[in-house]
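For this chain, numbers begin at 1 and follow the sequence in order. As the structure lists them, so they are numbered: ligands from 1, and atoms in each ligand from 1.
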Amino acid sequence: MSAEVADVTLAIRSAFSDRFGRSPEGVWAAPARVNLVGEHTDYNDGFVLPLAIDRRVTVAAARRSDDLLRLVSLQKGRQELRLADVRPGAVSGWAAYAAGPVWALAQEGVEVGGLDLVIGSDVPVGSGLSSSAAVECAVVLAARDLYGGPRDAARLALIAQRAEHEVVGVPCGIMDQMASMACTAGHVLLLDCRSLAADQVPFALADTGLVLLVIDTRVSHALADGAYAKRRRDCEHAARILGVPALRDATETGLDAARDRLGEVRYRLARHVVRENARVRAVVELLRVGQPEMIGGALSASHASLRDDYAVSAVELDTAVDAARAAGALGARMTGAGFGGCALALADAETAEEVTDAVTAAFADRGFRPPEVFATSPSDGARRLA
Ligand code: GLA
């Protein structure tokens, strides 16, 4: 355990003792993620390539003999609920992310009882780094270890996703929960979102002289405002028109033949998905032959496609990507759902500082709030810390 993780563990244990007057039974952590490439492909049964970053949600927990859920978020405050009152539509605000996974685990037939939970996080909220999936995954792990349930990472990710779908009310794909559960340090996770087969692909940045920068535009994306759900519905509609189970099964030739029937909006959404899946495969091939410095073109092409065909970028994301590339980044793209949130840029270690300065200057020129730029590297997935 790194010194930083040891400190975090100690801090959350003592926060638990302060709030509840006893020691927790354990401490769990689940990381945030960025997606290297493969955006808006997960709910089309396609391929994604996320990595866990070194920012995380930490949970200290202990069982109770009644059915109370006493929830403390070190960022958001305190809430008390009865387990019997947790169900779809009944919990709102931050408590849904913590109570939802306990409800979802119970739906698997696990006899879940009450819990005291303290939740800490250093993941910026609403920045597209999956802070919500990190909370869900940390709570699922804690509740599973204390009350029993599946061991398999994919099953646990599906439980966390069910909480997001039914209790939080956001129709997300499976990428974020799988990334948080199943990523490993030094790797990106190649996930087939149809079968949930997961492959660890080496991405040891430190050995390659490359730096992966996360650029938080600090503009909040509106995942719940309907734009995400609308893309998802349009994609499903496009698949029905094409007569395929999901857009993962479509081809560009098939799309071109059906362009009139699809209509321009659905045609372009589908074209993004088909090409993005191909980009994931191309990037994986390059990483497998040890050429991470060659993936920049695919990252930048992914951004252009999300901006022009999928229409989920934002002026701040485009500014970040353009400034990063002009300053010598090998490639850059928005990451996550879009509409704000984060971009990432891959740069040689020698140019990383110039890239950071250029993005910051471009934001100042346009009168945007200063972005937060930080380097990250592939980190561990969700796990028990103590
Ligand atoms: C959000 C969702 C994911 C995925 C991305 C876009 O992060 O939670 O499931 O759809 O957007 O790739």
Side-chain angles (χ1 to χ4, degrees), residues 30-53 55 96-97 100-101 123-137 154 157-183 188-194 196 198 214 216-217 220-236 246-248 269-270 272-277 279-280 283 299 302-303 305-307 309-314 317 333-344:
R33 63 97 187 93
V34 291
N35 187 17
L36 191 60
V37 70
E39 216 66 81
H40 288 280
T41 47
D42 62 350
Y43 52 84
N44 290 302
D45 277 3
F47 298 89
V48 294
L49 201 61
L51 55 134
I53 65 171
R55 299 204 175 194
Y97 297 98
V123 186
V125 171
S127 59
L129 297 174
S130 284
S131 57
S132 52
V135 174
E136 290 153 3
C137 289
L158 287 166
I159 293 170
Q161 185 199 33
R162 181 168 185 188
E164 176 110 15
H165 282 184
E166 298 193 33
V167 180
V168 178
V170 174
C172 61
I174 192 63
M175 169 171 70
D176 301 344
Q177 290 79 10
M178 272 302 282
S180 192
M181 282 293 181
C183 280
V188 282
L189 184 79
L190 170 61
L191 178 67
D192 177 334
C193 298
R194 173 169 280 161
L196 297 191
V214 177
D216 184 357
T217 64
S220 241
H221 67 75
L223 195 62
D225 82 345
Y228 180 91
K230 180 166 189 323
R231 299 284 181 300
R232 187 171 180 155
R233 280 197 308 275
D234 280 343
C235 285
E236 285 159 5
L247 287 182
R248 179 240 185 89
L269 293 181
H272 165 77
V273 173
V274 171
R275 291 182 175 174
E276 188 77 352
N277 280 326
R279 280 188 283 271
V280 173
V283 167
L299 303 190
S302 166
H303 184 78
S305 175
L306 289 158
R307 181 191 62 209
D309 275 355
Y310 220 76
V312 289
S313 190
L317 290 167
R333 60 182 292 274
M334 55 157 275
T335 183
F339 316 109
C342 288
L344 44 86

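- The N/O atoms of Cys172, backbone and side chain alike, include none that comes under 3.5 Å of an N/O atom in ligand 1.
- When heavy-atom distances to ligand 1 are checked against a 4.0 Å cut-off, Arg33 comes that close only through its side chain, counted from C-beta outward.
- Note that CG of Asp42 and CG of Leu196 are 10.5 Å apart. Values are rounded to the nearest 0.5 Å.
- Taking distance alone, with nitrogen or oxygen atoms compared against 3.5 Å, Tyr228 approaches ligand 1 more closely than that limit.
- For the atom pair CG of Leu344 and CG of Asp216, the computed distance is 12.0 Å after rounding to the nearest 0.5 Å.
- Looking only at side-chain heavy atoms (C-beta outward), His165 and Arg162 stay at 4.5 Å or farther from each other.
- His303 is linked by a ring-ring contact (aromatic ring centres under 6.0 Å, His included) to nothing, counting only residues two or more places apart in sequence or in another chain.
- Contact atoms of ligand 1 toward Gly173: 9 (O) (distance under 4.0 Å to a heavy atom of the residue).
- Considering only heavy atoms from C-beta on, Leu317 stays 4.5 Å or farther from Arg307 through its side chain.
- Atoms of ligand 1 lying under 4.0 Å from any heavy atom of Tyr43, numbered from 1 in the order shown and given with element: 10 (O).
- Across the listed options Val48, Asp42, Asp176, Val37, Asp42 owns the non-hydrogen atom lying nearest to atom 9 (O) of ligand 1.
- Close contacts between ligand 1 and Met175 involve ligand atoms 4 (C), 5 (C), 12 (O) [criterion: under 4.0 Å to a heavy atom].
- Using a 3.5 Å distance cut-off with no hydrogens or angles, the side chains of Ser302 and Arg279 do not pair a donor with an acceptor.
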